[in-house]
Amino acid sequence: MKITLQRVAPAEIEARSMEIIGAELGARSFPADQLPVVKRVIHTSADFDYADNLVFSEGAVARGIAAVKGGCTIVTDTQMAWSGVNKRVLEKFGGRAVCFMSDPDVAAEAKARGETRATVSMERAAALEGSVIFAIGNAPTALVRLCELMDEGRVEPALVIGVPVGFVNVVESKELLLTTAAPHIVARGRKGGSNVAAAVCNALIYLASGNARE
C-alpha cells in the first residue's frame with residue numbers, strides 16, 4: 001500500500017488542521033464566539049463528539065476573555081493542564097496559572113483529613129484574590145468541592161471550565177455545576193481531560209490576544 005503524505009509547512013500545520021476541522025463540522029452551526037473554543041478542543045483531542053458535548057452558559061466565552069484581559073488567575077486541578085496553558089501570553093495581561101496539587105502542605109492536609117488533594121486544592125484556591133478561572137480537567141472531587149464552595153459563598157469564579165474525565169462521579173459533578181449560576185463551559189458526559197481543560201483556556205487566551213502565541 002502506497003501512503004501519500006501532505007506537504008505542509010510547519011507554520012501552516014495548525015491552520016490546515018483548523019480548515020479540516022471546519023470542513024468536517026459541515027453544516028453544524030455555532031455562535032461565533034463559541035466556534036474557536038469547539039475547534040480548539042477538537043484540534044487537541046481529534047474527537048468530534050465535543051461538537052455536541054460542550055455546553056456554554058450565556059456569555060461564558062465573553063466572560064472568559066474579559067477575565068484573561070483583566071489579568072486573571074487560572075487554577076487547574078493537574079500539573080498537566082497547568083503545563084498546557086500558554087502562560088507566556090497570559091502573563092502579558094498580568095495573569096498567571098497555578099496548580100496547588102503538588103504542594104506538600106496540600107498533600108499533608110488531605111492525608112490528615114482523609115480528603116483528596118483535589119478537594120484541598122480547591123479550598124486553597126478559594127482564598128485567592130482577584131478574578132479566577134477554574135479549569136477542572138481531571139478530578140470530579142475538585143469540581144464537587146468547588147460547587148460547594150460557591151454555594152457557601154466562599155468563591156465566585158469568573159468562569160468554571162468543567163471537563164473532568166472518567167467514570168466515578170464524573171457525569172454527576174458536571175451536572176451539579178450546570179445547576180449553579182456560575183458562568184461555565186462544560187463537557188457533558190464522561191469525556192474530558194487535562195488536555196481539554198488546557199485547550200479551552202488557550203482558546204480564551206488566543207481570543208483575548210488576537211491569536212498571539214508569544
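Computed from heavy atoms alone, side chains included, the values below leave out hydrogens, waters and symmetry copies. Starting from 1, each residue takes its place in the sequence as its number.
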Discussion item. Side-chain heavy atoms nearer than 4.5 Å, only ILVMFWY residues, links allowed to pass through others: does that put V85 and V37 together?
Written reply: yes
Discussion item. One pair to check against side chain to side chain contact (heavy atoms under 4.5 Å, CB included): L143 and M122. What are the steps and the verdict?
Written reply: CA-CA 8 Å; L143 192 53; M122 292 300 103; over 6 Å; no
Worksheet item: Under 6.0 Å from the CD atom of E156, do we count more than 12 heavy atoms belonging to anything else shown?
Response: no
Item to complete: Answer yes or no: is there a side-chain heavy-atom contact under 4.5 Å between D47 and I42?
Response: no
Worksheet item: Which atom names give the shortest non-hydrogen contact between L177 and C147, and what distance separates them?
Response: CA-SG, 3.7 Å
Worksheet item: Does any non-hydrogen side-chain atom of V155 lie less than 4.5 Å from one of F134?
Response: yes
Item to complete: Say whether I205 and I133 are linked into one hydrophobic cluster, either directly or through other cluster members, by side-chain heavy-atom distances under 4.5 angstrom.
Response: yes
Can you give the donor-acceptor pairs under 3.5 Å from side chains of residues 89-106 to other protein atoms, not counting sequence neighbours?
from	atom 1	to	atom 2	distance (Å)
K92	NZ	E214	O	2.2
R96	NE	T73	OG1	3.3
S102	OG	Q79	NE2	3.4
D105	OD2	R124	NH1	2.9

Worksheet entry | D49 side chain near K191 side chain, heavy-atom distance below 4.5 Å | yes
Discussion item. Would you say CE of M18 has more than 12 non-hydrogen atoms from neighbouring residues, nucleotides or ligands within 6.0 angstrom?
Written reply: yes
Discussion item. Does R16 form a side chain to side chain contact (heavy atoms under 4.5 Å, CB included) with E19? I'd like the steps, not just the answer.
Written reply: CA-CA 5 Å; R16 178 61 184 136; E19 290 175 2; 3.2 Å; yes
Fill in: Sidechain-backbone polar pair: K174 side chain, G189 backbone, donor-acceptor under 3.5 Å
yes
Fill in: Short side-chain to backbone donor-acceptor contact, T119 and E115, under 3.5 Å
no
Practice prompt. Please report the C-alpha distance between L25 and K39 in whole Å, then the side-chain angles of each, then the deciding distance to 0.1 Å, and finally whether the side chain to side chain contact (heavy atoms under 4.5 Å, CB included) criterion is met.
Written response: CA-CA 9 Å; L25 284 172; K39 291 178 74 174; 4.2 Å; yes
Fill in: Test item: S57 side-chain N/O and H184 main-chain N/O as donor-acceptor pair under 3.5 Å
yes
Worksheet item: Hey, are the side chains of F48 and V38 touching, using non-hydrogen atoms and a 4.5 Å cut-off?
Response: no
Worksheet item: At their closest point, which heavy atom of P164 faces which heavy atom of S173, and how far apart are they?
Response: CG-OG, 3.8 Å
Worksheet item: Any ion pair linking R40 and E14 (charged N to carboxylate O, less than 4.0 Å)?
Response: yes
Fill in: L207 to V61 - nearest heavy-atom pair and separation
CD1-CG1, 4.0 Å
Practice prompt. Applying salt bridge (charged side-chain N to carboxylate O under 4.0 Å, His left out), name anything that partners D151, two or more places apart in sequence or on another chain.
Written response: none
Worksheet item: Passes salt bridge (Lys or Arg N to Asp or Glu O under 4.0 Å), E175 versus R188? Steps please.
Response: CA-CA 8 Å; E175 294 302 314; R188 297 185 93 163; 2.6 Å; yes
Discussion item. For the residue pair R213 and Y206, would you count it as a cation-pi contact if the rule is NZ or CZ under 6.0 angstrom from the ring centre and within 45 degrees of the ring axis?
Written reply: yes
Worksheet item: Has the side chain of D77 got a donor or acceptor atom that lies under 3.5 Å from a matching backbone atom of N138?
Response: yes
Worksheet entry | I161 with V68, same ILVMFWY side-chain cluster at under 4.5 Å | yes
Item to complete: Taking atom CD of E152 as the centre, report whether more than 12 heavy atoms of other residues, nucleotides or ligands fall under 6.0 Å from it.
Response: yes
Item to complete: State, with a plain yes or no, whether a side-chain heavy atom of I13 is found less than 4.5 Å away from one of S17.
Response: yes
Worksheet item: Can you find a pair of side-chain heavy atoms, one from T76 and one from I74, that are under 4.5 Å apart?
Response: yes
Practice prompt. Please examine the side chains of V200 and V41, heavy atoms only from C-beta on, and report whether any two atoms are closer than 4.5 Å.
Written response: yes
